[in-house]
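Everything on this sheet refers to the single structure shown next.
Just follow the structure's listing: the first ligand is 1, and inside any ligand the first atom is 1.
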Amino acid sequence: MVFSEPERRGRLELQGEALMAFDRDGLVTQLRSHVVGDVLADAGSRAIYSADASNYRHVPQAVILPRSSDDVVATLALCREYGAGLTMRGAGTSIAGNAIGAGVVLDTSRYLGQILAIDEGAATAVVQPGVIGGDLRDRLAPHGLSFAPDPSTLSRCTIGGMIGNNACGAHSVAWGKTSDNVRELDVLLADGTRMSLGPNTRDAFAANVSRPDRAGEVYRGLEQLVQENLEPLRTELGQFSRQLSGYALHQLLPDHHRNLARALVGSEGTCAIVLGATLDLVRPPAHRALLVLGFDDEVRAAQAVPELLGLRPLTIEGMSRAMFAGVRLHGERASIISALPQTPNWLFVETGGETPSAAEESAKDIARKLGLGQPGGSSAAVFMDPRAQRVLWGLRSDGSGLATRTVDGRAAYPGFEDAAVPPEMLAGYLREFRELLAEHGLFGISYGHFGEGCIHIRLDADLSSPGGVGDYRQFLESAADLIAAHGGSISGEHGDGQARSELLTRTYSPRMIGLFERFKGIWDPEDVLNPGILVRPRKLDANVRWLDLGTREVQAQYAYPDDEGSFRQAVSRCVGVGKCRVEQGAAMCPSYQATHDEKDSTRGRARLLFEMLEGSSISDGWRSTEVLDALDLCLSCKACKVECPVNVDMATYKSEFLFHHYRRRLRPRAHYALGRLPQWARLASLAPTLVNKVTSNPTLARLGKAAAGVDPRRELPAFAPVPLHKLARARTAQQGTPGQGTRGQVLLWPDTFTNHLSPQVGMAAMDVLEDAGFEVLLPEKRVCCGLTAISTGQLPLARRVARRSLTVLEPYLEQGVPVIGLEPSCTAMLRHDAPDLLAQALGAVRKPRRPSRPVPCPR
Ligand SMILES: Cc1cc2nc3c(=O)[nH]c(=O)nc-3n(C[C@H](O)[C@H](O)[C@H](O)COP(=O)(O)OP(=O)(O)OC[C@H]3O[C@@H](n4cnc5c(N)ncnc54)[C@H](O)[C@@H]3O)c2cc1C
Ligand code: SF4
Ligand code: SF4
């Protein structure tokens, strides 16, 4: 489709407001016939991709999961033909609204994740865009190599996304940003042209300029842009390492080897699509030392940075003790923290060496040169033990998870979360930034890449009312002016996205803004790629998802004590950091780890519930089959409640949803069978041998499974001949009561699974506890936590069960007898869901649990 100039202008304006009008059904039909990968255009999939980790919300018209570069080419051609914007996406962990769009979203993380080659001699790797940064590092480690940029989201973010945002991390002081580690890019232009980009000698560039094709046109456009604007490119851009706002046009200069690949790094998918990348690799030192320096305040810490930089460490990261206020740290973490300098602020300074003593000596040397006392004294400590270093770096990466909530548990938002100034300006900037926050009545804890002048902070703004959003806008404008006054950049590593593109005019000259538009026009003249970002920007106060959600409450069944009793607030907890997409080494989220489908991640489910409450993309409320479908594979394991940095508790939200969804309606057969498992187990325990005979007969088992709504491939569990409570009673009769024990009494919780299916586990636990000096009691009457009723949303039944169990437990609890559970999901129910259900039913207000803010865990 070719647009006339007025049409094109009109369309660009519309896209700027994310109100694209195109023949959606026609586009989807064509996509389905030309794309081999997944074309998702149902309401549920579109809702799931409506947000990244930013404050913004755009519901796309379709989501594509390409299986090959050909799929990407076909999608782009059709988007262009139909006039739909195309937004690229990796793991969707962008914080500024860079990875969402109202047209088509193309997610490379599902199928385009291959590491194509590793060349040890040349120290390069060739990768597809969907490769996860952490996976690449794991593959490189045996070769003694690494890909240097280390954003905190490395465990799930993709190389395509790192290139899109020019991601950095703690070690950029030593090894640079993503742009410094990219050798070549294989890109697709909006008109379907494919180009291989990298640095150019003068002769190579001249040869490219004279090419007769579209690629030559691009080179000619860039050559002209550079020649006409040498002065502003040299004086306005590339002034310090974290000046990452806008486009990196200075990379086109001869002194930067006319590097077209690096000029595109950080272009946030607005100029070209990355189909593949050749990356430069580094050889990290064999040993590291971590020097922690203590300071009375962050300004003093910032003042030390210029001198530290001269001593060439690997990192200089700023941390604040306030981040851990109100968080209970125990065990190893507590003892390591107690070994840190007893000051409110720290700088983590890492050094390297080929031997442990070389690394340690460099660290001590830095402390000596700074005159900060002897390491181990009050203002400096050196950690050589790799385990202690891991714990301390874990605390550092907890930073953004912890900072998503204020100390008293309220939400804190991004928007100005990665601004940067030249490191020598940092102290002055921080002082004035604190004053600005006070003027606007905002609070946030800052930390981050002090060695690069890049400060992370989330602020306790009010983004759920139009007035609050307006106030935040005013703050952002003033903060951008402050950054400009300090020669800084409004983004130092997360990209501009919707949050900051509009502010570029406050930090760059009108001429530079014009050059950004011209640069974009050379690559993507019809504005197909990620429209509304970087040039002709969307308004930073439009599409705020918290505002879209509104404040309307639903009648909830649980008390949600950490969210002021609000299901809406509970669901809004998910900030989108994507830790639930980590594929290994984490308990959260087993369903995503099995399917690799965003729908089956905690985040995908949270998005759907959010959209259900918002009501426009998922419009049938509690009756939604899209939400039901996404919750179907949730195991209610509660791993998210523990491992998600903001404690999203999907098991409880699922229970709430299922209750409303099936209210006064017939439920699936499995709910009656498995949801009432404790009752069936008790019945079976009357004649377990007979029941086991029946269930082990293939024909009868098949019939039984069909009647119970159980998948025919599942094995039915065998019931124990004698349940735990009877075994325990028999043992007591045989051995006599063991007496009070040297350490007092404990009550062993006989959950249904232990009691009726694996009583040997319960007996072993009794042995262990008795050996440890406890007298082990079992409840005298039947108890149950209600897990199976809760996880199927049969809440009236769950409440009855919980009340009855509470009556049985009451005398033990009154005497302070500890209750020991063996099944983690059951203990989680006892500690959280059952009390919250009862509190809500009684109209009692449950106190927020301590700690009210998230428990730290690596993000
Ligand atoms: C808690 C938290 C901590 C973070 N810490 C850091 C940090 O320490 N350092 C840091 O730099 N960032 C950090 N980030 C930001 C973000 O995680 C990184 O920028 C990350 O590299 C983005 O990768 P992604 O795969 O999630 O990309 P996405 O968010 O999916 O996309 C990022 C951008 O790249 C574009 N893009 C994606 N794929 C392609 C492609 N194939 N071709 C062209 N464009 C493409 C997208 O359109 C988008 O504009 C953090 C984010 C969170 C939520
Ligand atoms: S559920 Fe938790 S871990 Fe997953 S994206 Fe949301 S906030 Fe992050
Ligand atoms: S409770 Fe559900 S969403 Fe949470 S980790 Fe377990 S399976 Fe994932």
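- Taking a 4.0 Å cut-off on heavy atoms, P645 registers as neighbouring ligand 2.
- When only non-hydrogen protein atoms are considered, atom 3 (S) of ligand 3 lies nearest to R605 NH1, 3.2 Å.
- Counting heavy atoms closer than 4.0 Å to ligand 1, residue S109 contributes nothing at all.
- H449 and H456 have perpendicular rings, their planes meeting at more than 60° on a 0 to 90° scale where under 30° would count as parallel.
- At a cut-off of 3.5 Å, with distance as the only test, a side-chain donor of S245 or D496 sits close to an acceptor on the other residue.
- At a 3.5 angstrom cut-off on N or O pairs, N98 counts as close to ligand 1.
- Which parts of ligand 3 touch C589 is read off a 4.0 Å heavy-atom cut-off, strictly below it: atoms 3 (S), 5 (S), 7 (S), 8 (Fe).
- Protein heavy atom at the shortest distance from atom 6 (Fe) of ligand 2 is C574 SG, 2.4 Å.
- Those atoms of ligand 3 that come under 4.0 Å of a heavy atom in K638, given as number and element, are 1 (S), 6 (Fe).
- Counting heavy atoms under 4.0 Å from ligand 1, residue L275 does not touch it at all.
- The shortest N or O to N or O distance between T158 and ligand 1 is below 3.5 Å.
- Those atoms of ligand 1 with a heavy atom of I95 less than 4.0 angstrom away are 50 (C), 51 (C), 52 (C), 53 (C).
- Remark: ligand 1 and P151 share no N or O pair separated by less than 3.5 Å (distance only, no angle test).
- Ring geometry for Y247 against F516 counts as perpendicular: the plane angle is over 60°, on a 0 to 90° scale with 30° as the lower cut.
- The closest approach between any non-hydrogen atom of G578 and ligand 2 is below 4.0 Å.
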For this session: Please assess I95 against V577 for the test side-chain contact (heavy atoms from CB on, under 4.5 Å), listing each intermediate value before the final yes or no.
Result: CA-CA 8 Å; I95 312 185; V577 305; over 6 Å; no

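- The shortest N or O to N or O distance between E268 and ligand 1 is under 3.5 Å.
- Side chain to side chain, E611 and S50 meet the donor-acceptor criterion of an N or O pair below 3.5 Å.
- Within ligand 3, counting atoms from 1 as listed, the ones closer than 4.0 Å to a heavy atom of M650 are 3 (S), 4 (Fe).
- For the pair G576 and ligand 1, the shortest N or O to N or O distance does not fall below 3.5 Å.
- Between T93 and ligand 1, at least one pair of N/O atoms sits closer than 3.5 Å.
- When the options C454, C271, G164 are ranked by their closest heavy atom to atom 35 (C) of ligand 1, first place goes to G164.
- Side-chain contact check for T193 and D191: at least one donor-acceptor pair (N or O, by modelled atom type) lies under 3.5 Å.
- At a heavy-atom cutoff of 4.0 Å, ligand 3 is contacted by the backbone of S636 but not by its side chain.
- Closest heavy-atom approach to atom 13 (C) of ligand 1 among the candidates E417, H494, K579, H456: H494.
- In this structure, a donor-acceptor pair under 3.5 Å is absent between the side chains of T602 and K579.
- Atoms of ligand 3 found under 4.0 Å from any heavy atom of L635 (numbered from 1 in listed order, with element): 2 (Fe), 7 (S).
- Near S94, with a cut-off below 4.0 Å to any heavy atom, the atoms of ligand 1 are 28 (P), 29 (O), 31 (O), 32 (C).
- Between P129 and ligand 1, no pair of N/O atoms sits closer than 3.5 Å.
- There is a side-chain donor-acceptor pair under 3.5 Å between R605 and S591.
- Side-chain N/O atoms of S94 and D52 include no donor and acceptor closer than 3.5 Å.
- Between the side chains of E268 and N530, not a single donor N or O lies within less than 3.5 Å of an accepting N or O.
- When each atom of ligand 2 is checked for a heavy atom of G576 under 4.0 Å away, the hits are 5 (S), 6 (Fe), 7 (S).
- Counted by atom type alone, T93 and R581 present zero donor-acceptor pairs between their side chains at under 3.5 Å.
- For the residue pair N165 and N98, a side-chain donor N or O sits within less than 3.5 Å of a side-chain acceptor on the partner.
- Remark: ligand 1 and G92 share an N or O pair separated by less than 3.5 Å (distance only, no angle test).
- Atom 2 (Fe) of ligand 3 has no N, O or S atom of C640 under 2.8 Å away, backbone or side chain.
- Distances from ligand 1 to the non-hydrogen atoms of G497 include no value under 4.0 Å.
- Counting all heavy atoms, side chain and backbone alike, R603 lies closest to G578 at NH1-CA, 4.0 Å.
- When non-hydrogen atoms are compared, ligand 2 lies under 4.0 Å from the side chain of V646 (C-beta onward) but not from its backbone.
- Of the N and O atoms on the side chains of Y560 and D649, not one donor lies less than 3.5 Å from an acceptor on the other residue.
- Of all protein heavy atoms, the one lying nearest to atom 2 (Fe) of ligand 2 is C644 SG, 2.3 Å.
- Contact annotation: D52 has no heavy atom less than 4.0 Å from any atom of ligand 1.
- Those atoms of ligand 1 with a heavy atom of A53 less than 4.0 angstrom away are 53 (C).
- Ranking the protein heavy atoms by distance from atom 8 (Fe) of ligand 2 puts V577 CG2, 3.0 Å first.
- When heavy-atom distances to ligand 1 are checked against a 4.0 Å cut-off, A91 comes that close through both its backbone and its side chain.
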